[in-house]
Enquirer: 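Here's a structure for you.
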Amino acid sequence: MEYNFKELEQKHRENWQKNNIYEVKEDKNKPKFYVLDMFPYPSGAGLHVGHPLGYIASDIYSRYKRLKGYNVLHPMGFDAFGLPAEQYAVQTGQHPAITAEINIKRYKEQLSKIGFSYDWSREVRTSDPNYYKWTQWTFLQMFHHWFNNKTQKAESIETLISEFKKNGNTQVNAACNDIPLFEAAVWNGMEDDEKDTILMNYRIAYRANTKVNWCPELGTVLANDEVKDGVSERGGYTVIQKDMMQWQLRVTAYAKRLLTGLDTLDWSDSLKEMQRNWIGRSEGAEMFFEIKDEDDKILVFTTRPDTIFGATFMVLAPESELVDKLTKVENTEEVDNYVKRAKNRTERERMADAENITGVFTGSYAVNPFTGKDIPIWVADYVLGGYGTGAIMAVPAHDSRDYAFAKQFNIEIIPVVEGGNIEKESYDAKTGKMINSDFLNGLDVKDAVINMIKEIETRHLGKRKVNYRLRDAIFSRQRYWGEPFPIYYKDGKTIPLKENELPLTLPEINDYKPTETGEPPLKRAKEWLYDGKYKYELSTMPGFAGSSAYYLRYMDPQNDKELVSKEANEYWQDVDLYIGGTEHAVGHLIYSRFWNKFLFDLGLIVKDEPFKKLVNQGMIQGRSNFVYRIKNSNKFVSYNLKQDFEVTEIHVDVNIVHNDILDIEAFKKWRSEYEDAEFILEDDGKYHCGYAVEKMSKSKYNVVNPDDIIEEYGADTLRLYEMFLGPLEQSKPWDTNGIEGVYRFLNKFWRLFFNNDGNFNLSDEEPTKEEQKIIHTLIKKVGEDIERFSFNTTVAAYMVCANDLAKLKCRKRDVLKNFLIVLSPFAPHISEELWQLSGNSGFVIDSGFPKFNAAYLIEDTLKYPVAFNGKTRFTLELPKDTEKAEIEKIVLSDERTKKRLEGKGIKKIIVVPGRMVNIVI
RNA sequence: GCCCGGAUGGCGGAAUUGGUAGACGCGCGGGACUUAAAAUCCCGUGUUCAGUAAUGAACGUGCCGGUUCGAUGCCGGCUCCGGGUACCA
């Protein structure tokens, strides 16, 4: 019987589905295990061979855990809101819901062929009103809560109101916007809309004026993580800074918890580091500098309070409110021009221009509170409005940017830390002894910082302060294809919908472009009003809204009363294993953690962190092939002969190249222009192509479609080969050439179950000791390797085992049963077929992982490598329990040792029992 | 610039704790079976040198240096590649 993968794979997939074997329910008798993939955004292009890598890995782990007796939750769904479907809608007028539906269908088709063990009954789609009802609901909760810094928790806005009634806001320590203090009497005397305005400054979901990344081409704002190098991540369009009224989420309130929480997670160091950098905690002091002859003060943040004695000037960001106040009449024109120019520049221009040092003097002076000296106040764009206080004290001797500025404008440079040579450059290191610094002189930098902060606090100049780089998340998008805000506006007031009014569904419109006046597309929905009268919020939520809590929804996807029921959440708790790409390191993975912590504060879920362990699969790169056309001709020269000609390198479709040999006939048919192409071949009569590893993309003709691989080799081969390519977390190129190897292995494995006449035939004989050793080595290795996500070596172990058993012509039922079970996480179809042919009942996934028996692996003898000066020269087989002295004796009496020792004395001999022998001569 | 990874045969990669470097697979070379091909099976395959040969020797994990009886792995200094991030005070 042949290994007919096509037939058997389809048969079993249908059978699995018919029997719902991947559906799971809460089961208190079994330990739970939750394995999650980052759900895909279904694009029009479909899957290429790089996409399923992580899905295959998580599927293997899920199946393995299930074999080990766990109740495994392994769901899949679709992130269906988003920009590409909307842009397609703008171009063609096709409703994005239709585009999304088509793409999802295609994705599901492709995914289903790979044989994943998803519980599709739990599928979620972010664009489904029954799903986004809960996205809107969570938003409302954020609207109704504030963050108490004292308890480090979100609390109901009602607690805040009753506190205002009693004491005003004087004793409240909240994560909030800048707001003046007021007493209870003032609060109680306010009109309702005044109160609303005040409260808006405290809400976790709040609406405020802020500087945003505005992308004119896309007609929408973007979050910081959606902007890369000053252009939009999607599309690469210019992004400018603009002030706008926007909904925002107070992620910054959670900065501390987001940071400390990282220590409890089993994530890669690089990923944690990325999050730490993004959160950007820096410790220092905030302090005031008095203005000379004025009543005003400048508040600055510094991480180097120890260097205040070297602060010889101050710099304001062009955006700073102080600029106008502090600019002297005679400097007004110059400063205004400078500020105007700075404001009109895009992020990108500012970055490109970073080496150009610019700035203008305001005419005002501040007083250095420690030296008493007057120091000039400048405006320069190297100080950012959005970080710290938008103003700095500049210490040119110990900050490279201040140094460059001082050199440019001839400002005094006073060294206050011993170390560098400030003639040439600033000395930025935080080590050395203080000088020129009065009471700090002689102290180390570390101690000087502590002493200085103490002094600043005693003299009431300022206080210790921790600053974060993290910004609140801008939550409005001026687009159509997203979740509507459950908010309407009435008489200037912002009113949330009630829970029973959810979901607020997206209305139909006839044109998906922004309006002529630049308002969001929802403006076109004329009849879309609350109670027929009041305007809804017209912007929609960003992409990360729907993906921030989908892992909770999978626990209880059909619940229409709650986001997730208490029972379901208490059972499934959190994600034990999350697999996905690193591109979400600072976007989705920060927002999700924030979202989760918020829901945790409300007591709705039991875990503070959503993703216990996270594994980032590496990118699968493309492997492109090239042909070389001789210039001004239609003649192509083979790779190794091309140096004799002037040639153009041309990408050629990898699907018509095999082992870098071009299929010339297929090439001629590929493009009409190549129909009459001529070729200069090598001695072997073949055309050899060049190759390069680059990103997989259509334009490089190196895209490989998993459907084609499955058609030719089957899903099991695809699954094994994707894992065999290399370590999961590493980037590696896809090269279809190697796939024959795993395909051969599966055929070999198949043949183990058949006799010479090709009939299925297993023997019920007792396995020999040798056979037991082979299979138990495999059982041990597979368990260990899967646990540490070393899937490429697992595949190697299967091959070794199959080779060994084939050599022994072993057809023992006992042995092969274990083999097919341990293979089943990687190759579920073939395993299922052989499981059933072997006469077993049920499905292989419920068979239970075989128990490893160490007794079969015990050896009577050990092979000792004998090394001379650390280089192994021969090996010696000795009984396992040979004593150290005995080993030494045997080694020394060996002929080969004697030969090596001729004329030389032994300096030392090292014997490590059970390991090796090393002789130093 | 800063932070985090990485570099091993012609290629993808293995070596789990400092103990036989190159598992497994691809490719390549040779052979068996076959009228032939495919499939399958067997042998060889890091480099260099010596030898008719069996075999033997030297070198070898990006580079330079160190620790150690012993280093792909640890330490110091570089080079190159990938990723992240940036006038963040």
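Atom set for the values below is all heavy atoms of this structure, side chains included, hydrogens, waters and symmetry mates excluded. Naming convention: chains lettered A, B, ... in sequence-line order (proteins, then strands); numbering from 1 in each chain. Keep in mind that what you see is a predicted model, and the values were worked out from it rather than measured.
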Enquirer: To the nearest Å, give me how far apart CE (A:Met452) and C1' (B:A89) are.
Expert: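 So the two atoms are 16 Å apart, to the nearest Å.
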Enquirer: Provide the distance between the two C1' atoms, one in B:G9 and one in B:G46, to the nearest whole Å.
Expert: 5 Å
Enquirer: Distance check needed: B:C4 P versus A:Leu614 CG, whole Å only.
Expert: 19 Å
Enquirer: Do A:Thr794 and A:Tyr64 meet the criterion of a side-chain donor-acceptor pair at a distance under 3.5 Å?
Expert: no
Enquirer: Tell me which nucleotide among B:C88, B:C87, B:C3 gets nearest to the side chain of A:Tyr382.
Expert: B:C87
Enquirer: If we ignore angles and hydrogens, is there a donor and acceptor under 3.5 Å between the side chains of A:Ser282 and A:Asn467?
Expert: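 There is no such pair between these side chains.
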Enquirer: When you check the side-chain N and O atoms of A:Lys908 and A:Asn918, is any donor under 3.5 Å from an acceptor?
Expert: no
Enquirer: Represent RNA chain B in dot-bracket notation, 5' to 3'. Only Watson-Crick or G-U wobble pairs with both distances under 3.5 Å count; pseudoknot-style crossings use [ ] and interstrand partners use |.
Expert: (((((((..(((......[....)))((((((.......))))))(((((....)))))..(((((..]....))))))))))))....
Enquirer: Of the listed nucleotides (B:U20, B:A89, B:C24), which one gets closest to any side-chain atom of A:Lys863?
Expert: B:U20
Enquirer: Which glycosidic conformation, syn or anti, is assigned to B:G9 if syn requires a torsion within 90° of zero?
Expert: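 Base orientation: syn.
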Enquirer: Side chains of A:Asp660 and A:Asn625 only: does a donor on one sit below 3.5 Å from an acceptor on the other?
Expert: yes
Enquirer: Rounding to the closest angstrom, what is the interatomic distance between B:A37 and B:A23 at atom P?
Expert: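 These two P atoms come out 31 Å apart once rounded.
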Enquirer: Taking OP1 and OP2 of B:G5, is either one under 4.0 Å from a side-chain nitrogen or oxygen of A:Gln730?
Expert: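 Indeed not, no polar side-chain atom of A:Gln730 lies that close.
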Enquirer: Can you confirm if the NZ or CZ of A:Arg873 lies within 45° of the ring axis of A:Phe868 and under 6.0 Å from the centre of its six-membered ring?
Expert: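 Pair A:Arg873/A:Phe868 does not count as cation-pi.
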Enquirer: When you measure from the side chain of A:Arg751, which nucleotide among B:C41, B:C3, B:G12 comes out closest?
Expert: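 Of the options given, the side chain of A:Arg751 lies nearest B:C41.
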Enquirer: Counting any heavy atom closer than 4.0 Å, what does A:Lys780 reach on the DNA or RNA strands: base, sugar-phosphate only, or nothing?
Expert: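 Touches nothing.
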Enquirer: Could you state the CG-C1' distance from A:Asn277 to B:C4, rounded to the nearest angstrom?
Expert: 9 Å
Enquirer: Nearest to the side chain of A:Pro727, which nucleotide is it out of B:G27, B:G13, B:A89?
Expert: B:G13
Enquirer: I need the CG-P distance between A:Asn737 and B:C24, as an integer number of Å.
Expert: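 It is 21 Å, rounded to the nearest whole Å.
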Enquirer: Can you check the distance between B:G10 and B:G6, where both ends of the measurement are the P atom (answer in whole Å)?
Expert: 23 Å
Enquirer: Please state how far atom CG in A:Leu778 lies from atom C1' in B:C24, giving the value in whole angstrom units.
Expert: 13 Å
Enquirer: Any idea which of B:A89, B:A23, B:G27 is nearest the A:Asn659 side chain?
Expert: B:G27
Enquirer: Measure the NZ-CG distance between A:Lys465 and A:Leu299 for me, rounded to the nearest 0.5 Å.
Expert: 8.5 Å
Enquirer: If I pick the C1' atom on B:U8 and the same atom on B:G73, what distance separates them, to the nearest angstrom?
Expert: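 The same atom, C1', in both gives a distance of 12 Å.
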Enquirer: Using the C1' atoms only, state how far B:C42 lies from B:G22, rounded to an integer number of Å.
Expert: 23 Å
Enquirer: Side chain to side chain contact (heavy atoms under 4.5 Å, CB included), that's the test. Do A:Met314 and A:Val300 meet it? Break it down for me.
Expert: CA-CA 9 Å; A:Met314 309 210 56; A:Val300 300; 3.5 Å; yes
Enquirer: Regarding A:Glu740, tell me which of base, sugar-phosphate or nothing describes its non-hydrogen contacts under 4.0 Å with the strands shown.
Expert: nothing
Enquirer: Do any side-chain nitrogens or oxygens of A:Arg744 fall under 4.0 Å of OP1 or OP2 in B:C26?
Expert: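 True: A:Arg744 side-chain N/O within range (under 4.0 Å) of B:C26 OP1/OP2.
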Enquirer: Rounded to whole angstroms, how far apart are CG on A:Asp428 and P on B:C2?
Expert: 11 Å
Enquirer: If you measure from the P atom in B:C74 to the same atom in B:C2, how many Å do you get, rounded?
Expert: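 Comparing P positions in B:C74 and B:C2 gives a spacing of 22 Å.
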Enquirer: Return the nearest nucleotide to the side chain of A:Ser270; candidates are B:C4, B:C87, B:A89.
Expert: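 Of the candidates, B:C4 comes closest.
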Enquirer: I want to check a possible cation-pi pair here: A:Arg469 against A:Trp278, using under 6.0 Å from ring centre and within 45° of the ring axis as the test.
Expert: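 Yes, a cation-pi geometry holds between A:Arg469 and A:Trp278.
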Enquirer: Given that A:Gly741 and A:Lys807 both sit by RNA chain B, which one's nearest nucleotide is further toward the 5' end?
Expert: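 Residue closer to the 5' terminus by nearest nucleotide: A:Gly741.
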Enquirer: So which nucleotide from B:C24, B:C42, B:A89 ends up closest to the side chain of A:Thr303?
Expert: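 For A:Thr303, the side-chain atoms sit closest to B:A89.
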Enquirer: How are the rings of A:Phe405 and A:Tyr382 set to each other: parallel, tilted or perpendicular (split at 30° and 60°)?
Expert: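 Answer is tilted, since the angle falls between 30° and 60°.
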Enquirer: Give A:Asn747 one of three labels, base, sugar-phosphate or nothing, depending on what nucleic acid heavy atoms sit under 4.0 Å from its own.
Expert: nothing
Enquirer: I need the CE-C1' distance between A:Met723 and B:G13, as an integer number of Å.
Expert: 15 Å
Enquirer: Let me have a per-nucleotide readout for nucleotides 55-83 of chain B, 5' to 3', with B, S or -, counting only protein heavy atoms under 4.0 Å.
Expert: --SS----------BS-------------
Enquirer: Nearest-nucleotide wise, let me know which of A:Arg401 and A:Arg623 is further upstream toward the 5' end of RNA chain B.
Expert: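 Comparing both residues, the 5'-ward one is A:Arg623.
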Enquirer: Out of A:Tyr743, A:Phe819, A:Tyr3, which one pairs with A:Phe749 under the ring-ring contact (aromatic ring centres under 6.0 Å, His included) rule?
Expert: A:Phe819
Enquirer: Counting only side-chain heavy atoms from C-beta out, which of B:C4, B:G27, B:A15 sits nearest to A:Glu273?
Expert: B:C4
Enquirer: If we take the C1' atom in both B:U16 and B:C69, what is their distance in whole Å?
Expert: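 Roughly 24 Å separates the two C1' atoms.
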Enquirer: Measuring from the side chain of A:Tyr387 (C-beta onward, heavy atoms only), which nucleotide among B:C3, B:C24, B:C88 has the closest atom?
Expert: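 Of all the options, the side chain of A:Tyr387 is nearest to B:C88.
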Enquirer: What distance, rounded to whole Å, do you find between the two C1' atoms, one in B:A14 and one in B:A7?
Expert: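 B:A14 and B:A7 have their C1' atoms separated by 16 Å.
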Enquirer: A:Trp378 CH2 to B:C87 C1': how many Å, rounded?
Expert: 17 Å
Enquirer: How is A:Asp735 classified with respect to the nucleic acid when contacts are heavy atoms under 4.0 Å: base, sugar-phosphate, or nothing?
Expert: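 No contact.
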Enquirer: First locate atom CZ of A:Phe826, then atom CG of A:Leu746, and finally report the distance between them rounded to the nearest 0.5 Å.
Expert: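 One gets 12.0 Å once the value is rounded to the nearest 0.5 Å.
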Enquirer: From C-beta outward on A:Glu784, which listed nucleotide comes closest to its side chain: B:U16, B:G12, B:A14?
Expert: B:U16
Enquirer: To check you understand the geometry: which heavy-atom pair defines the closest contact between A:Asp402 and A:Phe313, and what is its length?
Expert: O-CZ, 3.7 Å
Enquirer: For A:Lys748, report the nucleic acid contact type (base, sugar-phosphate, nothing); a contact means any heavy atom under 4.0 Å.
Expert: sugar-phosphate
Enquirer: Looking only at side chains, do A:Glu682 and A:Asn640 share a donor and an acceptor under 3.5 Å apart?
Expert: yes
